[in-house]
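Numbers here simply count residues along the sequence, with the first being 1. Atoms within a ligand are numbered from 1 in the order they appear, just like the ligands themselves. These numbers come from the heavy atoms of this one structure, side chains and all, not from hydrogens, waters or symmetry mates. The shown structure was predicted, so the numbers you read here are calculated from the model rather than taken from an experiment.
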Amino acid sequence: MDTGNGTSPADLDHVLSSTDAIETSRSKLLKDLPDIGIGAEETNVHLQHDLVPGLNRSSESPSYYGFVTGGATPAASFADNIVTQTDQNVQVHLPKETISTDVEDRALAMVCQLLDLPPEEWLHRIFTTGATTSNILGLACGREFVLQEAARRQGNKISVAEDGITCSMKKTGLESIQILTTVPHSSLRKAAAILGLGRSSVVEVGLPTAKHRFDLHTLELRLSNARVASIVVVSCAEVNTGLFATDNADMRQIRQLCTKYGAWLHVDAAFGLLARVLPETEEYHAIKEGVSGLELADSITGDAHKLLNVPYDCGIFLSQHLNIGIEVFHNPNAAYLNTASTETTASIDRTIPSPLNIGLENSRRFRALPVYATLAAYGRDGYREMLERQIRLAREIARLISVSEAYDLLPEMHGEMPADVRLKEIYIIVLFRANDDDLNQTLVQRINATRKLYVSGTQWDGKPAARFAVANWQVNVERDLKLIQQVLLEISQ
Ligand SMILES: *Cc1c(COP(=O)(O)O)cnc(C)c1O
């Protein structure tokens with residue numbers, strides 16, 4: 001990928017400003033609303049000189065490995081400036097007035113093409129604020145579908161969106177809705193809470209020896225409970241380890257079970273999704289298996305502000321059930337929002353649904369343009385090359401850790417697994433800890449105190465652990481590995 005923005009890594013020596021600089025910046029915040037404003041020009045100086053030094057370089061620096069953050073490609077960044085400049089509100093499809101909804105639809109179709117998901121099958125597609133919102137959409141559609149399906153099997157017809165969850169449960173005679181998954185992202189329980197399903201409806205059905213993989217026997221046992229409706233959620237790359245919940249055979253079997261028992265199959269592939277661009281080589285076999293069969297899902301969550309490297313915020317939601325999406329999200333009886341939904345644009349032979357009738361928000365930012373721009377600029381090959389570079393760095397970090405005296409690679413794999421096979425399980429996340437307990441307690445703190453690297457802390461098997469998440473488009477394997485090696489060595493001495 002052509003960097004082309006003239007930023008030399010030397011400008012980005014530090015991923016965080018010093019704590020003093022951050023304190024100074026904080027102290028310069030206006031205390032109160034001014035009666036008489038300081039003016040746009042002075043405000044600009046205030047922002048640049050006083051506030052920007054107090055921000056992190058989570059996106060600008062390739063050495064920020066916290067959370068799964070991603071950067072912003074040059075093409076996505078300049079498109080984002082156009083988004084601000086033109087300030088489109090992408091809510092109603094108005095083909096005679098603006099092409100903004102066409103851009104969104106085309107960008108989403110291009111995303112589908114990138115991921116090898118036929119756009120004509122994923123007609124409920126929309127940009128969201130992020131994977132959390134996409135998971136809310138997935139569960140909302142799932143909730144509608146599974147209760148409609150239960151009623152249909154009883155010879156009835158219901159609408160959760162119209163009648164509400166309580167009434168719908170009564171009509172179907174069901175006791176509850178369960179969400180069956182393995183090691184879910186925290187946002188899944190949040191989505192369950194928001195949607196009235198409850199955090200406790202999320203049930204983990206992982207294997208005892210590999211919690212991230214489905215115990216298919218337990219899954220079927222749970223699904224076969226006739227008093228409970230089910231949504232199955234596949235964690236397609238778990239956030240702590242980057243491990244995948246399924247392989248192709250699992251996905252086929254889970255699809256069959258969901259169809260048999262009237263369950264909805266949702267995949268949370270916030271950062272796993274992009275792995276579908278990888279070539280079919282031995283090097284990526286384990287990763288490709290993890291994203292194989294996603295086309296069998298009812299709905300999929302993706303994050304564009306992670307591995308697609310567009311600016312915050314931008315998530316992706318895809319579903320094969322446009323009718324369910326419209327049932328849940330349409331704005332009823334709002335004449336002023338009347339859309340041109342019966343019109344088709346000349347260039348495509350399907351109607352573009354108004355985004356406000358298939359997603360959470362009504363007024364919305366023109367999030368599609370940076371996605372459109374970055375896909376246009378770098379294409380399928382650019383993204384494949386970028387991800388391969390990120391995986392190479394992650395695997396080199398894992399190799400470094402696995403041969404080091406001071407650190408241990410996590411999770412410890414059960415049974416015998418040769419080192420080179422183990423490394424081929426690594427996607428873009430490297431979980432590890434220091435084997436000295438004292439050092440391990442402050443490991444993340446010490447790494448981040450260098451201000452040169454940033455990693456996230458987590459817990460693994462009841463003890464602190466640290467993780468690298470490689471997600472920035474600027475990754476340079478040799479340069480970045482050298483710095484990591486220096487810092488890890490320095491800290492262990
Ligand atoms: C990051 C992440 C989320 C939440 O994404 P946001 O963009 O922060 O809302 C959900 N699921 C998974 C697997 C993630 O990695």
Are [X] and [Y] ion-paired here, with the side-chain N under 4.0 Å from a carboxylate O?
{"X": "D420", "Y": "R395", "value": "no"}
{"X": "R380", "Y": "E385", "value": "no"}
{"X": "R389", "Y": "E396", "value": "no"}

Side chain, backbone, both or neither: [X] near ligand 1, heavy atoms under 4.0 Å:
{"X": "A131", "answer": "both"}
{"X": "V239", "answer": "side chain"}
{"X": "H305", "answer": "side chain"}
{"X": "F67", "answer": "neither"}

Considering only heavy atoms, which of T301, I316, D303 lies nearest to atom 7 (O) of ligand 1?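 Considering heavy atoms of T301, I316, D303, the nearest to atom 7 (O) of ligand 1 sits in D303.
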From atom 11 (N) of ligand 1, work out which of V267, D268, D313 has a heavy atom at the shortest distance.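 Among V267, D268, D313, the closest heavy atom to atom 11 (N) of ligand 1 belongs to D268.
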Within less than 4.0 angstrom of ligand 1, does G315 place any heavy atom?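 For ligand 1, residue contact (heavy atoms, under 4.0 Å) with G315 is absent.
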Has K306 got any heavy atom lying under 4.0 angstrom from an atom of ligand 1?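 Judged by the 4.0 Å heavy-atom criterion, K306 does count as contacting ligand 1.
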Aromatic ring centroids of H321 and F145 under 6.0 Å?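 Close enough - the centres of the two rings lie under 6.0 Å apart.
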So, for F127 and F317, is the gap between ring centers shorter than 6.0 Å?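 Not under 6.0 Å, so no.
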Show the atoms of ligand 1 that are less than 4.0 angstrom away from any heavy atom in A270.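 Here the atoms of ligand 1 in question are 2 (C), 11 (N), 12 (C), 13 (C), 14 (C), 15 (O).
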